[in-house]
Amino acid sequence: MTGAWPLFVLLWSDGVVLLLAVALIAYGWRVRAHASRRRDWLKVFRQPAALCSAVVLGAFLAVAVADSIHFRRALPAAGGAASVQAYGTQVESVLDLVLAPLARSREVTYSAPLAARAFAKAAQGTERVFPRLLHGGVHLGDDTTERVPDVAWRAGAGLVAGLAVSVVLSLGVFGALRGRQGLVAAWRHDTEVPWRAALWTVLGLGALVGLVTALAPHYHLLGTDRTGNDVLFQSLKSVRTAFVIGTLSTIATLPLAVGLGIVAGYFRGWVDDVVQYTYTVLSSIPNVLLIAACVLMMQVFIDTHPDLFETGAERADVRLFLLCVILGVTGWAGLCRLLRAETLKLRELEYVQAATAFGVGPWRIMVRHVFPNVVHLVIITTVLDFSALVLYEAVLSYVGVGVDPTMNSFGGMINLARSEMSRDPVVWWSFAAAFGFMVGLVLVANLFADGVRDAFDPRARVFRVRRPAPPKEVS
């Protein structure tokens, strides 16, 4: 180790995740000061499913942000104090530091979840036995009798510790913000926002984190893959890839979809014909074939210009960034068609006709009068498309045109698990881990999208029936 500071590395996709976090904070601060927007988002969080989903999405986003702060370690100086500081070629993240014990606990090959011995037999002397793992359960003396009690004790202690920490933190934060009366009202479910559901979600996440923290340093909680790498480590590292795919692809979609959709609907005529012809032709091409062709051309460029990338992480990140751009450029047709139809209706309304009569220019009308009235469609479509893009990445990686093979992703894990599912006995935990994490992320995103749609779409208003407050006792 050296006392020099590490060299911080800002990858293309890092900027996207960090800007997303900053944009969410800035937007939340602006919504807080805007009465009408605050009422709309309050309708979202009145629904317990949407509120709980927002809490879980926040946990996923925290993992993605921690995995988006990258750096390269400083190397010891070889030529004295006056020499130029050198840095390692491996790019690490803050999440890598947190999960360093999992990354270092590499086995020889497969091991089942919470196992102390390898999944396959190996020769030891004159017989074939299941050898002890190098890291999983290495603290046990006799794994045949001590493993189950040790797992049960550590799991119980982790659950209790996680629940205790989450209770203290959640009650402390909520009590500081709402006071004692607000805390009692939230627990009795007498508040406008169902805070009790959010508190239960925080407790569940705390218990899960405590369980993982207690078991992961001593066992492979989700087993290991063919090369002995910890599956839990791969799953957590794949969360960032899913977030980048969902957010950056959506951001790349918006300029084309919003701009062309509003312009086509407002001007009509030959402008509308050109836009319609463009997205009709684009929609007639199978997306997988179009994306595969673009990805292959991109890969040829990356392979022929290796001097543009200092590390393998930068090379893989550029491929991820360009894949998101390709998904966005090829996926704007649906939102564009929706915004065109809405603009055709809006341009005939009285306030737009009055602005035209007063000589207001068309571009100003589109910016000041049309765009604010289609923002709810953009928000709804954006949230709904996030989960679809996460699933789309799994399909692309499964057919071999997704992210770089050196980058962790749910699709890559599922692709590598194809041969494992045909083994006898079946190696199921890699596929199950990727499937579980991906379904969890997509499920909470869909539940949150349902809440956003119900709150922002005038045709789908859903209000929660409030339980009347209990009558006060007269002393």
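Salt bridge absent: Lys237 and Asp230 never bring a charged side-chain N and a carboxylate O closer than 4.0 Å. Between Glu92 and Arg72 no salt bridge is recorded (no basic side-chain N to carboxylate O distance below 4.0 Å).
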Exercise for the section: Determine, step by step, whether Leu339 and Phe371 satisfy the side-chain contact (heavy atoms from CB on, under 4.5 Å) criterion, reporting the C-alpha distance in whole Å, the side-chain angles of both residues, the deciding distance to 0.1 Å, and the verdict. Expected result: CA-CA 9 Å; Leu339 295 180; Phe371 176 71; over 6 Å; no
Exercise for the section: Before giving the answer on side-chain contact (heavy atoms from CB on, under 4.5 Å), spell out for Phe448 and Val44 the whole-Å C-alpha distance, their side-chain angles and the decisive distance to 0.1 Å. Expected result: CA-CA 8 Å; Phe448 185 72; Val44 177; 4.1 Å; yes
Exercise for the section: Kindly indicate, with the supporting measurements, whether the criterion side-chain contact (heavy atoms from CB on, under 4.5 Å) is fulfilled by Leu221 and Leu114. Expected result: CA-CA 5 Å; Leu221 189 60; Leu114 298 175; 3.7 Å; yes
Handout entry: Test side chain to side chain donor-acceptor pair (under 3.5 Å) applied to Gln276 and Asp272, step by step
Key = CA-CA 6 Å; Gln276 284 192 78; Asp272 188 19; 3.2 Å; yes
Practice task
Apply the test side-chain contact (heavy atoms from CB on, under 4.5 Å) to residues Leu290 and Leu282: give CA-CA distance (whole Å), side-chain angles for both, the deciding distance (0.1 Å), then the verdict.
Solution key: CA-CA 9 Å; Leu290 181 60; Leu282 187 63; 3.6 Å; yes
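When atom types are taken as modelled, the side chain of Asp385 and the backbone of Ala388 share no donor-acceptor pair closer than 3.5 angstrom. Within the 3.5 Å criterion, the main-chain N or O of Asn408 finds a donor-acceptor partner in the side chain of Thr241. Under the 3.5 Å distance criterion, the side-chain polar atoms of Asp96 are matched with a main-chain donor or acceptor of Ser93. Without hydrogens or angle criteria, Asp14 side chain to Ile69 main chain gives no donor-acceptor distance under 3.5 Å. Judged by distance alone, the side chain of Arg319 and the main-chain N or O of Met298 form no donor-acceptor pair under 3.5 Å. Between the side chain of Glu107 and the main chain of Gly136, a donor-acceptor pair closer than 3.5 Å is present. Although no hydrogens or angles enter the test, the distance criterion places no donor-acceptor pair under 3.5 Å between the side chain of Ser249 and the main chain of Gly246. Panel note: side chain Arg347, backbone Tyr266; a donor-acceptor pair is recorded below 3.5 Å. A donor-acceptor distance shorter than 3.5 angstrom exists from the side chain of Trp332 to the backbone of Val329, with no hydrogens or angles considered. Between the side chain of Ser111 and the backbone N or O of Ala118, no donor-acceptor pair lies under 3.5 Å.
The shortest side-chain heavy-atom distance between Leu205 and Ser166 does not fall under the 4.5 Å cut-off. Val65 has its side chain within reach of Leu18: a pair of non-hydrogen atoms, C-beta onward, lies under 4.5 Å apart. Residues Thr381 and Leu338 form a side-chain contact, since some pair of their non-hydrogen atoms from C-beta on lies under 4.5 Å apart. Proximity of Arg337 to Ser283: side-chain heavy atoms (C-beta onward) are separated by under 4.5 Å at one or more points. Looking at His70 and Leu10, their side chains never come closer than 4.5 Å, going by heavy atoms from C-beta outward. At a threshold of 4.5 Å between non-hydrogen side-chain atoms, the residues Leu57 and Leu441 count as touching. Between Val374 and Leu346, some side-chain heavy-atom pair lies under the 4.5 Å cut-off. At least one side-chain heavy atom of Val202 sits under 4.5 Å from a side-chain heavy atom of Val55.
Heavy-atom minimum distance, Thr343 versus Gly261: OG1-O, 4.1 Å. Nearest approach of Ser53 to Val444, heavy atoms of both residues: CB-O, 3.3 Å. Taking every heavy atom of both residues into account, Gly265 and Arg268 meet most closely at O-CG, 3.6 Å. In plain terms, the two heavy atoms of Phe71 and Pro6 that are nearest each other are CD1-CB, 3.9 Å. Residues Tyr110 and Thr224 share a closest heavy-atom pair of C-OG1, 3.4 Å. Nearest heavy-atom pair across Thr247 and Val16 is OG1-CG1, 3.9 Å.
In this structure, SG on Cys52 lies 9.5 Å from CG on Leu447, to the nearest 0.5 angstrom. Taking CE of Met297 as the reference point, atom CD1 of Ile302 lies at 12.5 Å (rounded to 0.5 Å). Taken to the nearest 0.5 Å, the CG atom of Leu248 stands 10.5 Å off from the CG atom of Leu20. For the atom pair CG (Leu416) and OG (Ser430), the distance works out to 8.5 Å, reported to the nearest 0.5 Å. One distance of note links CG of Leu335 with CG of Leu260; it measures 10.5 Å at 0.5 Å rounding. To the nearest 0.5 Å, atom CG of residue Leu222 and atom CG of residue Leu236 are 8.5 Å apart.
Between Phe435 and Trp428, the distance from one ring center to the other does not fall under 6.0 angstrom. With ring centers used as reference points, Trp429 lies under 6.0 Å from Phe119. Residues Phe386 and Phe243 bring their aromatic ring centres within 6.0 Å.
For Thr406 and Arg315, the side-chain atoms include no donor-acceptor pair closer than 3.5 Å. Between Arg226 and Thr109, the side chains place no donor N or O within less than 3.5 Å of an acceptor N or O (distance only, hydrogens not considered).
Counting heavy-atom neighbours within 6.0 Å of Arg38 CZ, excluding the residue itself, gives a total above 12.
The aromatic rings of Tyr27 and Trp41 stand perpendicular to each other, their planes meeting at an angle above 60°, with 30° marking the opposite boundary.
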